[in-house]
Each structure stands twice: as C-alpha cells, then as structure tokens.
Number of protein chains: 2
Amino acid sequence: MDPVSTQHVAEFRRFNRYFTRRIGALDDHYLGQDRPLGEARLLFEIGEGVSLRELRTRLALDAGYLSRMAKTLQTQGLVRISVHPDDSRLRRVELTRAGRIELKEQNRRADALAAGLLDGLTTAQRDRLTEAMGTAQRLLRLAAITVAPVDGAAPDARACLDAYAADIDARFPEGFDRSDLVRPEEVSGEAGAFFVAYEEGRPVGCGALRRLEPRVGELRHVWVHPDARRLGLARRLLTALETEAAARGFAVLRLDTHASLTEAQAMYRSGGYREIPPYADHVYGDHWFEKRLSGPVS
Amino acid sequence: MDPVSTQHVAEFRRFNRYFTRRIGALDDHYLGQDRPLGEARLLFEIGEGVSLRELRTRLALDAGYLSRMAKTLQTQGLVRISVHPDDSRLRRVELTRAGRIELKEQNRRADALAAGLLDGLTTAQRDRLTEAMGTAQRLLRLAAITVAPVDGAAPDARACLDAYAADIDARFPEGFDRSDLVRPEEVSGEAGAFFVAYEEGRPVGCGALRRLEPRVGELRHVWVHPDARRLGLARRLLTALETEAAARGFAVLRLDTHASLTEAQAMYRSGGYREIPPYADHVYGDHWFEKRLSGPVS
DNA sequence: CCGGTTCTTTGACTACAGTCAAAGATTATG
DNA sequence: CATAATCTTTGACTGTAGTCAAAGAACCGG
C-alpha cells in the first residue's frame, strides 16, 4: 500500500475536527439532555430485546457499569429485565411501552436537530451533502475492514460459507447445494487459502483459493455480506487472493460465476480476467474466467 | 426554504452516528491518553499566545474551570501565564518550549492515527474520500451560516465594510478609496438594507441594498471573508438581498463589478443578471449588470 | 457430579467535567 | 473620583464515566 500523503492526513484531520466538535458534540449534548448520555445510548441500542452480554460486547462496556445503568433504566420504568430463557446466567433486557415512547421522543428530537442543520441548504445542496456523506462513509468503512487468512475449518470461515450458501440459494432459481462448497482441507495449508474480511471483529466477506492443476489456481466463493456491499470490498478480497496466488507460484487463476451475478462479472473483467471456455463442470457456474498472473512479487 | 426530506435526515443521522462513534471517539481517546481531554484541547487552542478571556469565549468554558486547567498546564511547565500587557485584568497564556514539543508530539500521534485509518485505501480511494469530506464540510459550514439584516451603522456592518475595503484595496491595482463605501444612512431603514452573514457568531460576509431610483435598487459591497469562500455564501447573500428588494417593491436591481472579479461576474450571470451599459460612474466598477425582479413574494 | 468458566451483581473507588458564588484586582464610565 | 463592569482566582460542590475485585448463580465438559 502506498504511504499516506500529508495532504490526505491534513484534510482528514480537518474534517474530523470540524465534524466531531461542531456536529457530534451537539448531537451528544442534545441526546443527553434528559438523562446521562450513557443511558440514552443504551436505550438506543436495546432494540426488541437483547441480552446484557450482547450490549456489553457491542458497546464495550464494563459489566458493573452496564448492570447499574440497566437497573437505573429499570427503576425509571423504561426497560424490563428478565432472566434469559435459554441461559439463566444471562439477563434479557427489553423496552417497556414507556421505553418505546421515550425512544421515539429521543428520535424525534434528533431528527429535528438534523433537520434544523439541513434547513439552510437548498434541496440540491442537501442532495450533494447526502451523496458526499455516503461516499465518505463507504470509504471509511472500507478502510476499517481488514482481510486476513484463516484456516478453512475455522468457525469464521464456516460461518461465511454458510451465509454464502444461503445467499446463493435464495438468489438462484435452481437453488444451491452445499456439497458444491470447498472442503476445509482444499483451502488450508499447502492445498490452498481462505481469506475472511472483518469489520469491527465481525466477518463480512470471504474468498477461497485452491489448487486446480500445477501452477493453476482457482478462486471460489468470493462473497460479501449484504451489509458490506458497494464498498469495494470484493475487489480488496480479489487483490488479497491474487497476491497469495502469486506468492504460491500460480501462473494462472481461473474462476466460474453465474449469469445472474452481473456485477461480479463486471468486476472480474475490469480486474483483468477474460472469459474462457468451461474448464470444469461445476453445477452452478455458467461463465468462466481466467487471468494470467505476472509472477510472485519479491 | 423547502422542508427537509426524511431521507436526508436519515442519511445525515446515519453518517453522524457512524462518524462520531467510530472516528471521533477514537480521536478523543487518543488525544486524551496522557492528560485529561480538556487540557489536551486547551494545548491545541493556545497558539502563540492568547488571553484566557479569548479561550473562554472560544471554547465556551467556565471561567473557574479554565483557570484551573491553565494552572495545571503551568505547573507541568507546558505554558507560561503572565499579565496581559494591554490590560492587567487579563492573563496572557503562551506555550513554553516544552509545551511546543508536547503539542508537536500530540500532532504526530493524531497524524499517525489518521494515516493508520487511511492506510487500507488505495491512493484513488483516498482522493475520493478527501474530496467527499471537503464537499461535506463546505456544505455543513454553509448550512451553519446565518444571514441577518443589521443596521448600516452597526459594528458588525462597519467591520465587514472595513474588511471589504482592505480586501479590494489589496486586489485592485489602482487601490480602493473608502469614500466609495455606502454611508450607513443609505442602507438603513427606508433607504436600504444591509445584510451580514454570521458563522459561529463571527461576521463572514455582507451585502448592501440601496435605493437608486424609484423601483430601482442597487446591490453593493457583496463580499465574503476569504475563510468562507467557495461555500456558496455569495449566492445566499444575493438571494437574501433579492428577497428584500422584492419585498420593498423594487422592480429592477443593478450593480457594478470589477473586471478582475471574474467569479463574481459568473455568479451574477448565472443568477439571472445581464450586462448593461454604465448606469453611474462609480470609480471602481467597469462592468454593469441588471436583473428584473418578478415582484414581491406574497 | 466436580471443577472450571461465564455472566451478573454489588461495593468501593478514582478521575474528569462542569457549575456556582464570593472575592480581589483592575479598568471603564458617568 | 466614586461606581459599575470586567476578568480571574479560589472554595465548595455535583454528576457522569469508568475501573477493579469479590462473590454468587448458572452452565459446560469430562
């Protein structure tokens, strides 16, 4: 990766300062005007019932601290705390009717605040602002995502493949049979590799590389979680897989894809892959691609 | 102004949440790792010597709170506090050598943090992010600026005209004579109007409207502070002036401008003004424009 | 069913952020 | 030149955020 230029850093920090101090601070102040900010945030995060444990990990809070805040909300009649049905060690916390009303009021105020800020702009300017914010957020999310090799049998790898299979199954008219998935040993150790993309600790994408013939590798199951699409993550996964393939001495990479996945095909084409005749008879592929690698990078 | 659509509000809040929690929080945590966040911020704001009073108003801090923080920084040897030369009630605070070193280190760390965040992106993506952030910041600043009518003799109005005169004087080869400025009574009450644009309480632009003939008004001294340019503020001022003119029953607006101000001319043209022969012999104008208003808005 | 682990609660803290009011020093103003 | 206004300092607070450790209850694996 290229070193980050000082211009980019300066611009980033300028925006960061401006936004955090001016808008973010305002927001926090607004949110926390009736009750402590921590409690207000908690109210936000309790959707329709979560365990304290999940809140604790999601918000990275101290167990004692969280316990007390939850109790405060309970005595205020905003949440109901009960023993979790599946595991009596856990506590399940959910909004009461009063809590839902309170949350709605909080949202209304936050909306009004946002609307007040946007009020001075014309519709065209609001459109531009929305687009710029969307672009910035997508790129910031992408920047925060890491791609790491994991063992093909690792839980994260299996979780991704499960999600992939379910996704494809729902999308293809003919459905998807899990027997077509790579087996762990095909993508572990000498045989191949498996990459998982993580956003804030959660797997949001994957890609597999396996040996097809000597010096010929195959890419499989390049997949991105629906929440993480349109960020440019697939391309990042592709780059990681190609770098790995080059390091392993593969001269050629092949892959197959399905006619219905038009974005995927466009990505492969723009990534230097060209369509070739079928090289194998996977059940679900109907387009085949190949790319010649330029050799391992020293 | 149009009502703000729920899409715009939702998108704004989504970005706000993401950015404040993810990036802003990180930044604060980083900045405040050695000393309290308040003190770290203070160190940032003390450039080359300011008065406590200025810090107090700029950061909106309690006087006692600020006094104590400053003293803490002083005992740590980071700042020097002395009686202000002009006014012995005031305290002048400035960085010591150690303070400057500390600040530099703080900046280095913040830069490293930003660079770390941008590291996962390609140069093209960083460019796009920078541009999106710049656009968003400009629009947010514009949204936060208010335009208000003030008396032509008000201090803010005079301050703007002074800045305008100095600006023009530096830009025109022939200089600028202050006698060409409108007199307060020409733009007050029945005679005319004067608008000032405020960003966070500070005047950053102005524009004057005065009566030239019955039903014919003239726009003068439409000016934007250099720090607030390229935000679209001039257009906002123009709109405010035109609305005011229409309300006062003017059917035609005229103005003159200088050949060297090409952006200004482009703005007037795109705003519906067309070039006309000289209607008066102001010393400094050499292009004349006119716009026919559509009448007062009910 | 025993030992280790997980989850929550409680007690006991610490530090930071921020407010309010009184008082002293200095400057501006009628 | 007396009085009001301004600025800073100090004392005395409050509330929020957050940490750490101990202990009890429930679960899990062998």
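Letters A, B, ... are given to chains in the order of the sequence lines, protein chains preceding strands, and every chain is numbered from 1. Model, not experiment: these values are computed from the prediction. Atom set for the values below is all heavy atoms of this structure, side chains included, hydrogens, waters and symmetry mates excluded.
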What does the list of N/O pairs under 3.5 Å between the protein and nucleotides 2-4 of chain D look like, with a distance for each?
none

With rounding to the nearest 0.5 angstrom, report the [atom1] to [atom2] distance, [X] to [Y].
X        : Y        : atom1 : atom2 : value
A:Glu45  : A:Leu103 : CD    : CG    : 10.5 Å
A:Arg89  : A:His84  : CZ    : NE2   : 11.5 Å
B:Glu54  : B:Leu90  : CD    : CG    : 10.0 Å
B:Arg58  : B:Arg53  : CZ    : CZ    : 12.5 Å
A:Leu121 : B:Ile145 : CG    : CD1   : 10.5 Å

In whole angstroms, how far is the [atom2] atom of [N] from the [atom1] atom of [X]?
X       : N      : atom1 : atom2 : result
A:Arg58 : C:dC7  : CZ    : P     : 16 Å
A:Arg92 : C:dT8  : CZ    : P     : 13 Å
A:Arg91 : D:dC27 : CZ    : P     : 10 Å

Under-3.5 Å N/O pairs linking protein and nucleotides 26-30 of chain C:
{"unit_1": "C:dT27", "atom_1": "OP1", "unit_2": "B:Ser88", "atom_2": "N", "d": "3.2"}
{"unit_1": "C:dT27", "atom_1": "OP1", "unit_2": "B:Ser88", "atom_2": "OG", "d": "2.8"}
{"unit_1": "C:dT27", "atom_1": "O4'", "unit_2": "B:Arg89", "atom_2": "NE", "d": "3.4"}

Distances for protein N or O near nucleotides 16-23 of chain C N or O, under 3.5 Å:
{"unit_1": "C:dA17", "atom_1": "OP1", "unit_2": "B:Leu37", "atom_2": "N", "d": "3.3"}
{"unit_1": "C:dA17", "atom_1": "OP1", "unit_2": "B:Gly38", "atom_2": "N", "d": "3.1"}

### Task
Please determine if a side-chain N or O atom of B:Lys71 lies less than 4.0 Å away from the OP1 or OP2 oxygen of D:dT8.
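Indeed not, no polar side-chain atom of B:Lys71 lies that close.
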
### Query
Where along residues 50-57 of chain B does a heavy atom come under 4.0 Å from DNA chain D, residue by residue in number order?
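The stretch gives B:Leu52, B:Arg53, B:Arg56 as the residues lying under 4.0 Å from the strand, ordered by number.
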
Would you tabulate the side-chain donor-acceptor contacts of residues 185-193 of chain A under 3.5 Å, counting partners in other chains and residues two or more places apart, or write 'none'?
{"unit_1": "A:Glu185", "atom_1": "OE2", "unit_2": "A:Arg183", "atom_2": "NH1", "d": "3.2"}
{"unit_1": "A:Glu186", "atom_1": "OE1", "unit_2": "A:Arg183", "atom_2": "N", "d": "2.6"}
{"unit_1": "A:Glu186", "atom_1": "OE2", "unit_2": "A:Arg210", "atom_2": "NH1", "d": "2.4"}
{"unit_1": "A:Ser188", "atom_1": "OG", "unit_2": "A:Gly152", "atom_2": "N", "d": "3.1"}
{"unit_1": "A:Ser188", "atom_1": "OG", "unit_2": "A:Pro184", "atom_2": "O", "d": "2.8"}

#### Entry: All ring pair (Phe, Tyr, Trp, His ring centres under 6.0 Å) counterparts of A:Phe19, not counting sequence neighbours
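If we apply the ring pair (Phe, Tyr, Trp, His ring centres under 6.0 Å) test to A:Phe19, skipping adjacent residues, the hits are A:Phe15, B:Phe15, B:Phe19.
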
### Query
Under the ring pair (Phe, Tyr, Trp, His ring centres under 6.0 Å) test, which residues partner A:His221, sequence neighbours left out?
A:Tyr164

### Task
Look at the side chain of A:Thr96 and the backbone N and O of A:Gly77, then say whether any donor-acceptor pair between them is shorter than 3.5 Å.
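At least one qualifying donor-acceptor pair exists.
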
### Query
If an axis is fit to five pairs at each end of the helix from C:dC1-D:dG30 to C:dG30-D:dC1, what is the angle between the two, to the nearest 10°?
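Terminal axis comparison yields 30°.
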
#### Entry: More than 12 heavy atoms from other groups under 6.0 Å of CZ on B:Arg202
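Counting other residues, nucleotides and ligands, CZ of B:Arg202 stays at 12 neighbours or fewer.
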
### Message
I'd like to check the salt bridge (Lys or Arg N to Asp or Glu O under 4.0 Å) partners of A:Arg109; sequence neighbours left out, ordered by chain and number.
### Response
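With neighbours one apart ignored, the set is A:Asp34, A:Glu105.
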
### Task
With sequence neighbours left out, write down each residue that passes salt bridge (Lys or Arg N to Asp or Glu O under 4.0 Å) with B:Arg14, or none if nothing qualifies.
B:Glu11

#### Entry: Partner of B:Leu129 under side chain to side chain contact (heavy atoms under 4.5 Å, CB included), chosen from A:Leu142, A:Thr135, A:Leu139
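Among A:Leu142, A:Thr135, A:Leu139, the one meeting side chain to side chain contact (heavy atoms under 4.5 Å, CB included) with B:Leu129 is A:Leu139.
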
### Task
From the options C:dT10, D:dC7, D:dT10, select the nucleotide whose nearest atom is closest to the side chain of B:Ser67.
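The answer is D:dT10.
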
#### Entry: Residue pairs passing the salt bridge (Lys or Arg N to Asp or Glu O under 4.0 Å) test where at least one lies in residues 140-153 of chain B, sequence neighbours excluded
B:Arg141-B:Glu199

### Message
Enumerate the salt bridge (Lys or Arg N to Asp or Glu O under 4.0 Å) contacts for residues 61-86 of chain B, please, sequence neighbours excluded, ordered by first and then second residue.
### Response
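Listed by first then second residue: B:Arg80-B:Glu94.
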
